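Report on the following structure.
The first residue in the sequence is number 1, and the count goes up from there. For ligands, and for the atoms within them, numbers begin at 1 and follow the listed sequence. Please read all numbers here as calculations on a predicted model, not as lab measurements.
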Amino acid sequence: MSPKKDSSHSLLPGWGEGEDEGHPARDYSPHPNPLPVWGEGNSTTLQKTLTTITNNLHDFSDAPELDAQRIILHALEQREPSYLLAHSDIQLTPEQLAETTRMQNLRKTGMPLAYILGESDFYGRTFIVTPDVLIPRSDTELLVKKALEYIRARHPGPRAGIHVDLSGFRVPTSLTSFAGRSKPGMTLTIADIGTGSGCIIITLALELYNLPATTYRLIATDISPAALAIAKQNAAKHGVLDKIAFLQGDMLKPITNRHVDLIVSNPPYLPAEALAKAGCAPETLGLKFEPQSALDGGVDGLDFVRQIQASGIPAIIETIGGEIIECY
Ligand code: GLN
């Protein structure tokens with residue numbers, strides 16, 4: 001069998017048996033399920049592949065072109081989007097094409113791209129993610145930002161009363177002199193409850209690293225040993241494994257007998273009923289692939305939020321709708 005010749009539909013040879021069945025683009029094909037033929041003359045450029053994957057993902061993704069770009073970059077072991085433009089004419093090898101097909105077909109099942117690629121960006125850094133952990137959300141970046149503000153305001157830094165933040169901006173004493181501010185040299189213990197991929201606590205470890213004259217004790221808890229293993233991999237990847245204590249256990253149990261100054265947490269907060277409906281709408285289909293224990297917040301979604309609030313420990317918590325609540 002020869003590959004499809006009609007390039008106007010820019011279908012790649014070799015999307016595999018039956019994989020595109022039902023997709024509108026296939027209606028034009030004289031061969032509904034062409035088998036791959038990787039012989040001479042079957043060349044496929046990066047640009048063609050990009051167009052094909054974009055078309056094929058059209059009904060399965062909110063951002064088909066972006067997904068296609070990231071799939072191709074991943075298959076080519078490249079990171080910079082500019083690579084795609086600069087190398088639009090290169091031929092993909094059969095192996096690279098097969099890899100893009102595999103990823104495209106996973107995406108068509110509704111699997112979030114982060115799981116397909118095995119990584120997700122958070123606060124400007126890349127984190128390893130697997131279906132054992134929640135995919136970091138951009139709302140959670142605001143939680144980190146608020147936590148940093150809280151911590152920096154309470155740590156006076158090298159000169160009492162003046163805090164020098166990473167940008168060198170001096171915050172006058174009046175802004176930092178409020179109850180709860182720690183003394184220079186004091187240790188501040190911060191616990192991330194339900195750390196998942198570890199994105200929150202690892203980002204704090206990295207962002208706080210440059211703050212002088214302060215000592216932090218960082219703790220991460222999770223009930224799932226598999227999630228903790230990923231969090232540790234991420235900590236090692238970012239060079240902060242020795243700066244964080246990873247404790248396995250349910251919610252606050254691992255910190256029961258420890259002094260903690262601040263809790264940061266993005267606990268499961270989806271109302272159970274809403275979670276049960278995930279998959280009915282395309283925009284919530286991805287939730288089906290994430291650990292349900294990382295999403296299910298009980299009947300009203302607030303079971304875990306309440307547990308943290310009941311501890312009486314100052315806390316910055318993400319809650320329903322991605323809202324950040326601060327309890328001091
Ligand atoms: N702390 C992780 C995150 O925000 C995991 C949260 C969770 O599992 N609910 O991504």
Query raised in the report: Closest non-hydrogen protein atom to atom 5 (C) of ligand 1, residue and atom name please, with distance?
Result: G194 O, 3.4 Å

Query raised in the report: Roughly how far, to the nearest 0.5 Å, is CG of L73 from NE2 of H87?
Result: 11.0 Å

Query raised in the report: Is it true that K146 and E318 make a salt bridge, defined as a side-chain N closer than 4.0 Å to a carboxylate O?
Result: no

**Report entry** Side chain to side chain, L241 and F246, heavy atoms closer than 4.5 Å
**Finding:**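 Sidechains of F246 and L241: in contact.
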
Query raised in the report: Below 4.5 Å, heavy atoms only, C-beta onward: do T51 and K48 meet side chain to side chain?
Result: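 When only atoms from C-beta onward are counted, K48 and T51 do not touch, as no gap falls below 4.5 Å.
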
Query raised in the report: Quick one: does Q96's side chain have a donor or acceptor within less than 3.5 Å of a partner on L76's backbone?
Result: no

Query - From D67, L106, L57, residue fulfilling side chain to side chain contact (heavy atoms under 4.5 Å, CB included) relative to L113 - result: D67

Report summary line: Candidates V129, T195, L134; heavy atom nearest atom 2 (C) of ligand 1 found on T195

Check ligand 1 against [X] and write out every atom of the ligand that is under 4.0 Å from a heavy-atom position of the residue.
{"X": "N266", "answer": "3 (C), 4 (O), 6 (C), 7 (C), 9 (N)"}
{"X": "T140", "answer": "4 (O)"}
{"X": "G196", "answer": "5 (C)"}

**Report entry** Contact partition for I200 relative to ligand 1, non-hydrogen atoms under 4.0 Å
**Finding:**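 The answer is the side chain of I200.
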
Query - Part of C199 with heavy atoms under 4.0 Å of ligand 1, whether side chain, backbone, both or neither - result: side chain

Query - Distance-only N or O hit between ligand 1 and A294, under 3.5 Å - result: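 Min N/O separation from ligand 1 is below 3.5 Å for A294.
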
